[in-house]
J.: 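Quick one: the structure is below, questions incoming.
Sequence positions, counted from 1, serve as the residue numbers for this chain. All of these numbers come straight from a predicted model, not from anything done at the bench. Atom set for the values below is all heavy atoms of this structure, side chains included, hydrogens, waters and symmetry mates excluded.
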Amino acid sequence: MPAVEVSDLAAACSPTWAGAGQEAGGPARVDVLTFGESMVALRGDGPLKLGGTMAVSVAGAESNVAIGLARLGHAVRWAGAVGDDEAGELVLRTLRAEGVDVSGVSRDAGAPTGLLLFEPRLPEVTRVHYYRAGSAGSRLGVDAVERAFAGGAPPRVLHLTGITPALGASARAACERALRLARELDVQICLDVNFRSRLWSQEEAGAVLRAWVPYVDVLVASDDELPLCLPADGTFTELPDQVRALLDLGVREVVVKLGSRGATAYTESGELHCPARAVRAVDAVGAGDAFAAGYLSALLDGAGVAERLERGVTTGAFAVASRGDWEGAPTRGELGMLGAGDGAVLR
């Protein structure tokens, strides 16, 4: 597959209507609709069994992306579910404060908000402990998705991850309903695979994600996640063959995250690579979500693939250089700060 700059994809991937805002006499539109489970996140300062202190925040792949997009100036709706508890109020308060529309959120009086513990075990190793079985997020229903789509004009993009369907049958059905509604309404669909081995097996994930691929316009994955989306009856050992198979299934863009090596986008016109931005790494958690937010932001702006990749690796670098899942996400005015140089003081 030839390496070329695929700027002609901007027109193909541009939305069919103008940007966010409000139509004359109509309800406000959102650029991106997303949903999933957001949890209270406790970050320890050492091994959990030794006690110590913990910082309280919130975390969740989809809400991380929502916050990242909102900080870049986009209108975003997060339509997840939280418990009718103080933890759920913290999630909603945080998202509201970041400018995310939570009007479609469901409160579940019969289930708690999920909990996530981060345990820094070595300087470069963090263990994550989930307490989400039976949580409100895992019981997200089809009705919540239908309400989110019914609230005004269709979103420009539906963003899903492979985490939500792993939470249980109800959440999986909600995702599948969202895919069908988005297809009916001609909404672009972005899927970030985000495989979590503690939530489901590769076999389970593959069975679900393969069925989703024909709906997907933009597929975001690390190179080791791509096989989960490929036909089970094929043999695709090399990355070019894997990408070709996904494009043949109707995916318009396959975006492969390569960590410290940057990211590569593949389309019918070829491939384009963007190296990572050099920063002092502090915390890699949330970097993939930050990349997705940056990439989608540039797509919403009508930018070509080169600029989408550049913004994605830039927002990903901000995440790596900051502690927390979403706290380091940049605003649009901050995107150029990484070029200021070491020790720079911006006055």
Side-chain angles (χ1 to χ4, degrees), residues 5-6 32 34 41 43 55 57-74 76 98-100 118 120 122-126 128 159 161 190 192-194 218-225 253-266 271-301 303-346:
E5 182 167 338
V6 260
V32 178
T34 188
R43 295 179 175 274
S57 183
V58 303
E62 298 85 2
S63 56
N64 292 343
V65 172
I67 290 172
L69 284 164
R71 286 194 179 180
L72 292 170
H74 301 284
V76 189
E98 291 294 332
V100 177
F118 292 95
L122 293 170
E124 303 297 330
V125 178
T126 298
V128 179
H159 176 70
T161 77
C190 175
D192 190 345
V193 173
N194 254 332
V218 180
L219 179 68
V220 181
S222 57
D223 52 357
D224 60 340
E225 291 174 333
E253 300 175 50
V254 179
V255 186
V256 181
K257 299 177 291 186
L258 300 169
S260 61
R261 293 178 287 132
T264 303
Y266 299 85
E271 67 181 81
L272 185 64
H273 178 74
C274 185
R277 300 293 298 267
V279 293
R280 183 179 301 170
V282 173
D283 183 1
V285 175
D289 302 329
F291 172 88
Y295 194 91
L296 285 176
S297 170
L299 183 149
L300 289 162
D301 287 349
V305 174
E307 187 176 339
R308 296 178 206 174
L309 287 170
E310 176 66 23
R311 192 175 300 179
V313 299
T314 299
T315 50
F318 269 90
V320 169
S322 310
R323 297 197 183 279
D325 275 52
W326 52 268
E327 286 84 347
T331 63
R332 191 171 289 258
E334 293 172 331
L335 288 172
M337 288 180 63
L338 293 182
D342 293 343
V345 178
L346 306 179

J.: Looking at every heavy atom in both C190 and V220, which two are closest together, and how far apart are they?
T.: SG-CG2, 4.1 Å
J.: Can you tell if the side chain of P330 reaches within under 4.5 Å of the side chain of T315, non-hydrogen atoms only?
T.: yes
J.: Tell me, do L72 and T331 make a side-chain contact under 4.5 Å, heavy atoms counted?
T.: no
J.: Can you name the closest pair of heavy atoms from A61 and D289 and give their distance?
T.: CA-OD2, 3.4 Å
J.: With a 4.5 Å heavy-atom cut-off, do R277 and F318 have their side chains touching?
T.: no
J.: Rounded to the nearest 0.5 Å, how far does NE2 of H159 lie from OG1 of T34?
T.: 5.0 Å
J.: Measuring from atom OG1 of T314 to atom CE of M337, what distance do you get when rounded to the nearest 0.5 angstrom?
T.: 12.5 Å
J.: How far does CG of D283 sit from OG1 of T126, to the nearest 0.5 angstrom?
T.: 6.0 Å
J.: Does a side-chain heavy-atom distance below 4.5 Å link S222 with V256?
T.: no
J.: Do the non-hydrogen side-chain atoms of R308 and E253 ever get within less than 4.5 Å of each other?
T.: yes
J.: Would you say the side-chain atoms of W326 pair up with the backbone N or O of V58, donor to acceptor, closer than 3.5 Å?
T.: yes
J.: Regarding E271 and T264, do their side chains bring together a donor and an acceptor under 3.5 Å, going by distance alone?
T.: no
J.: Quick one: closest heavy-atom pair of A221 and V193, and the distance?
T.: CB-CG2, 3.7 Å
J.: For a side chain to side chain contact (heavy atoms under 4.5 Å, CB included) check, start with the C-alpha distance between D192 and F291, then their side-chain angles and the critical distance, and finish with the verdict.
T.: CA-CA 10 Å; D192 190 345; F291 172 88; over 6 Å; no
J.: Which residue pairs satisfy the salt bridge (Lys or Arg N to Asp or Glu O under 4.0 Å) criterion with at least one member in residues 318-330, sequence neighbours excluded?
T.: R43-D325
J.: What's the shortest heavy-atom distance between A319 and A290, and which atoms?
T.: CB-CB, 3.6 Å
J.: Under a 3.5 Å threshold, yes or no: a donor from one side chain and an acceptor from the other, between R311 and S297?
T.: yes
J.: Begin from the C-alpha positions of V218 and V255 and carry the test side chain to side chain contact (heavy atoms under 4.5 Å, CB included) through to its verdict.
T.: CA-CA 7 Å; V218 180; V255 186; 4.2 Å; yes
J.: To the nearest 0.5 Å, tell me how far D223 CG sits from K257 NZ.
T.: 10.5 Å
J.: Are the side chains of L272 and L309 in contact, using a 4.5 Å heavy-atom criterion?
T.: yes
J.: Quick one: does L296's side chain get under 4.5 Å of L69's, heavy atoms only?
T.: yes
J.: Kindly give the heavy-atom pair with the smallest separation between G259 and A276, and that separation in Å.
T.: O-CB, 3.9 Å
J.: To check you understand the geometry: which heavy-atom pair defines the closest contact between V313 and C274, and what is its length?
T.: CG2-SG, 3.7 Å
J.: Flag the pair L300 / Y295 as yes when at least one side-chain heavy-atom distance between them is below 4.5 Å, and no otherwise.
T.: no
